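The model shown is predicted, which means the values in this text are computed figures rather than measured ones.
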There are 2 protein chains.
Amino acid sequence: MKRVTSEVAYEYIRKRIQTGEYPPGFSLVTEVLSSEIGVSRTPVREALHRLATDGLVEIRPRHGATVKQMDLAQYRDFCGLRLALEGYAAMLAALVHTPLELRTIKLALDAMRTHTERIIVDDQDKVAHEALMAEDVRFHVSIMSAAKNNLVKSEILRLHLVNRILFGPADPSGPPIKEFANKAEHDENRRRVLANHEEIYDAIARRDAPAAREAMERHIQDIIDHAALTFGGTPAVRELTPEELAYRG
Amino acid sequence: MKRVTSEVAYEYIRKRIQTGEYPPGFSLVTEVLSSEIGVSRTPVREALHRLATDGLVEIRPRHGATVKQMDLAQYRDFCGLRLALEGYAAMLAALVHTPLELRTIKLALDAMRTHTERIIVDDQDKVAHEALMAEDVRFHVSIMSAAKNNLVKSEILRLHLVNRILFGPADPSGPPIKEFANKAEHDENRRRVLANHEEIYDAIARRDAPAAREAMERHIQDIIDHAALTFGGTPAVRELTPEELAYRG
DNA sequence: ATTTCAATTTTTGGATGCAATTTCTTAATT
DNA sequence: AATTAAGAAATTGCATCCAAAAATTGAAAT
């Protein structure tokens, strides 16, 4: 025995989903995966269950596992969760951050500013794009670390994982997503994100908890709105679940 | 094959944890459980993993599973999560509730009022105690249903599950929990809970989203404070994790 | 030609066996 | 007597095997 085999299976599948090699709706057959990875079906099964609790995979009993796919309504629910948690984390961070934690947040913010400027000058700068994304993550992670609530932190990290998958690198065989907006729109969006981050940082720095929460919530709401635009124009009236309908009689 | 055996195992173990038959820290050995339940080790393993993601069980690789135990610090983190989510749900409910959903919430509130009065008159009324707990749950569930975000709802329900376990029926072999306060204190607490609920309801009814959130957050904060008292007097300074310490260099 | 029903194949969920690792026990040494 | 080391027992994690359920294919009847 080498090491935790189920971990290998988990990482293997997760990576494929994230890169888009296994697109949303893709059927994940244990037998195929196990022979592909070179382990038996047991650890694959376990990995799929873990991915299901992460929200990356959907398992219907006796029907197998598929890569999760979300419609806009589900995405909005998802972002609502993120909004609630990250807003709370920002609030906590404003209250309990240490000077060092504040500096860590500021470092990420400053780096983002630099990279954003660079991208606005040269749209094709791949390195700057990569760096910007990395610093964006660092900014958010720094805030939830400063909040000092590990449960909240791990929940948010789990959500980020899903977000990356559904709106990540590519969606080669998925439904036709609306073509990217033009550069001017993109630049405007980047500036808005940066402005949002600055607001959040300032509120945390002056220990203004309500303002920090509001700023973070506005930021995430902006993300939702932006995604709604690129996703497709439909206002997407929410479907009511049977469970919800039960409340009406 | 009869039915989903892993479901049987899951319910079996969950119930035992909730009733306190398996107290916090209790060692959950797959072999023992499988022979006790009458299924093989595979579904037991799966059930334990599910319980771990629910937060009821702790699994350390190669060391087995134990019933999760929380200290006060962890409980506060846990309640923080609940506060963030239920506060958000109350806000949403204020914004998007239908008249029927509002009435459902009011029904639970009215029932709670009745049962609380009854308990204050007769402390020993077991039926009223049961009913009060049930209506308390109904009140909270009605609100998250009215919020119409299934993800948030299922997350909160998961949290409620854990809450029930750690502060549920009994903890026979656990550390000596401070003896229950006297009746006057209890009655005061019950009245405060009811007043909280009324505030929450009123805010939702008049579609005042910020007030609904604030009232809910105050309510949960009260619960935390109350638990801190009955748990033990220690202020419980949070331990820093190695991960957090990394941020300091 | 299309639809329906049955048989075959595929695939999941569960049981069992096996190897590796951890823990418990016991004995020996300081 | 206490502490450590070695071996024995127990327990986890993975692989394989088996049975039940679902999907698919093919044939027959309308």
Side-chain angles (χ1 to χ4, degrees), chain A residues 1-17 21-69 154 173 242, chain B residues 1-17 21-69 154 158 173-174 242:
Chain A
M1 192 187 301
K2 203 170 42 177
R3 268 274 178 91
V4 262
T5 315
S6 70
E7 201 70 20
V8 176
Y10 175 81
E11 288 301 326
Y12 180 94
I13 301 167
R14 186 182 61 76
K15 194 159 286 181
R16 305 290 160 125
I17 295 175
E21 186 172 339
Y22 298 162
F26 186 81
S27 185
L28 299 164
V29 182
T30 50
E31 176 57 40
V32 175
L33 289 169
S34 67
S35 63
E36 209 172 303
I37 302 171
V39 300
S40 92
R41 275 177 44 226
T42 311
V44 170
R45 241 176 95 73
E46 195 175 313
L48 288 174
H49 277 278
R50 275 185 60 194
L51 288 163
T53 64
D54 285 347
L56 290 177
V57 160
E58 200 169 359
I59 295 179
R60 291 181 315 174
R62 291 273 174 213
H63 283 253
T66 55
V67 177
K68 175 116 181 193
Q69 47 189 352
S154 58
S173 71
Chain B
M1 192 184 298
K2 200 172 45 177
R3 270 258 181 101
V4 262
T5 316
S6 71
E7 202 70 18
V8 176
Y10 175 82
E11 287 301 326
Y12 181 94
I13 300 168
R14 185 182 61 76
K15 193 160 285 180
R16 306 289 162 126
I17 295 175
E21 187 172 337
Y22 298 161
F26 185 79
S27 185
L28 299 164
V29 181
T30 49
E31 175 57 40
V32 175
L33 288 169
S34 66
S35 64
E36 206 172 305
I37 302 171
V39 299
S40 91
R41 280 165 34 227
T42 311
V44 171
R45 234 177 103 72
E46 195 175 313
L48 288 174
H49 277 278
R50 275 186 59 194
L51 289 162
T53 65
D54 285 346
L56 291 175
V57 159
E58 198 169 1
I59 296 179
R60 290 181 313 173
R62 290 272 173 210
H63 284 254
T66 55
V67 178
K68 174 114 180 193
Q69 46 188 355
S154 58
R158 197 167 61 78
S173 72

Chemist: Could you state the CZ-P distance from R60(A) to dT12(C), rounded to the nearest angstrom?
Modeler: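 Those two atoms, CZ and P, are 12 Å apart.
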Chemist: Using the side-chain heavy atoms of H63(A), tell me which of these nucleotides is nearest: dC18(D), dA15(D), dA22(D).
Modeler: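 Selected nucleotide: dA22(D).
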Chemist: Show me the side-chain donor-acceptor pairs of residues 44-52 of chain B shorter than 3.5 Å, one per line, residues at least two apart or across chains.
Modeler:
residue : atom : partner : partner atom : Å
R45(B)  : NH2  : E46(A)  : OE1          : 2.6
E46(B)  : OE1  : R45(A)  : NH2          : 2.7
R50(B)  : NH1  : E7(B)   : OE1          : 3.0

Chemist: Do any side-chain nitrogens or oxygens of R45(B) fall under 4.0 Å of OP1 or OP2 in dC14(D)?
Modeler: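 Looking at the OP1 and OP2 atoms of dC14(D), one of them is under 4.0 Å from a side-chain N or O of R45(B).
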Chemist: Could you walk me through whether E36(B) and Y12(B) pass side chain to side chain contact (heavy atoms under 4.5 Å, CB included), step by step?
Modeler: CA-CA 10 Å; E36(B) 206 172 305; Y12(B) 181 94; 2.8 Å; yes
Chemist: Would you say the side chain of R62(B) and the base of dT12(D) hold a donor-acceptor pair, judged only by whether the two atoms sit under 3.5 Å apart?
Modeler: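 By the distance-only test, yes, there is a pair.
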Chemist: With the side chain counted from C-beta on, respond yes when I37(A) and I13(A) share a heavy-atom pair under 4.5 Å apart, and no when they do not.
Modeler: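 Counting from C-beta outward, I37(A) and I13(A) do come under 4.5 Å.
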Chemist: Which one, dA15(D), dT21(C), dG13(C), comes nearest to the side chain of T5(A)?
Modeler: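 From the listed options, dA15(D) comes nearest.
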Chemist: Please report the distance, rounded to the nearest Å, between CG in L48(A) and P in dC14(D).
Modeler: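 Between P of dC14(D) and CG of L48(A): 14 Å.
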Chemist: Do V57(B) and I17(B) make a side-chain contact, defined as non-hydrogen atoms from C-beta onward lying under 4.5 Å apart?
Modeler: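 Yes; the side chains approach each other to less than 4.5 Å.
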Chemist: In whole Å, what is the span from the CD atom of E46(A) to the C1' atom of dC14(D)?
Modeler: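 After rounding, the gap between these two atoms is 10 Å.
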Chemist: Do R41(B) side-chain and dG17(C) base share a donor-acceptor contact under 3.5 Å?
Modeler: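 A donor-acceptor contact between them is present.
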Chemist: Let me know, please, whether S40(A) or A65(B) comes out on the 5' side of the other along DNA chain D by nearest nucleotide.
Modeler: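 Checking each residue's closest nucleotide, the 5'-ward one belongs to A65(B).
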Chemist: Counting only heavy atoms and a strict 4.0 angstrom limit, can you tell me which residues of residues 29-39 of chain A come near DNA chain D?
Modeler: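 Per residue number, the list reads V39(A).
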Chemist: Take the protein atom CG of L28(A) and the nucleotide atom P of dT10(C), then report the distance between them rounded to whole Å.
Modeler: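 My rounded result for the distance is 19 Å.
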Chemist: Which heavy atom of P61(B) sits nearest to which heavy atom of I59(B), and what is that distance?
Modeler: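 Heavy atoms only, the tightest pair is CD-O, 3.8 Å.
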Chemist: Please report the shortest heavy-atom distance between P43(B) and S6(B), naming the atom on each side.
Modeler: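 Smallest interatomic distance, heavy atoms only, reads CB-CA, 3.6 Å.
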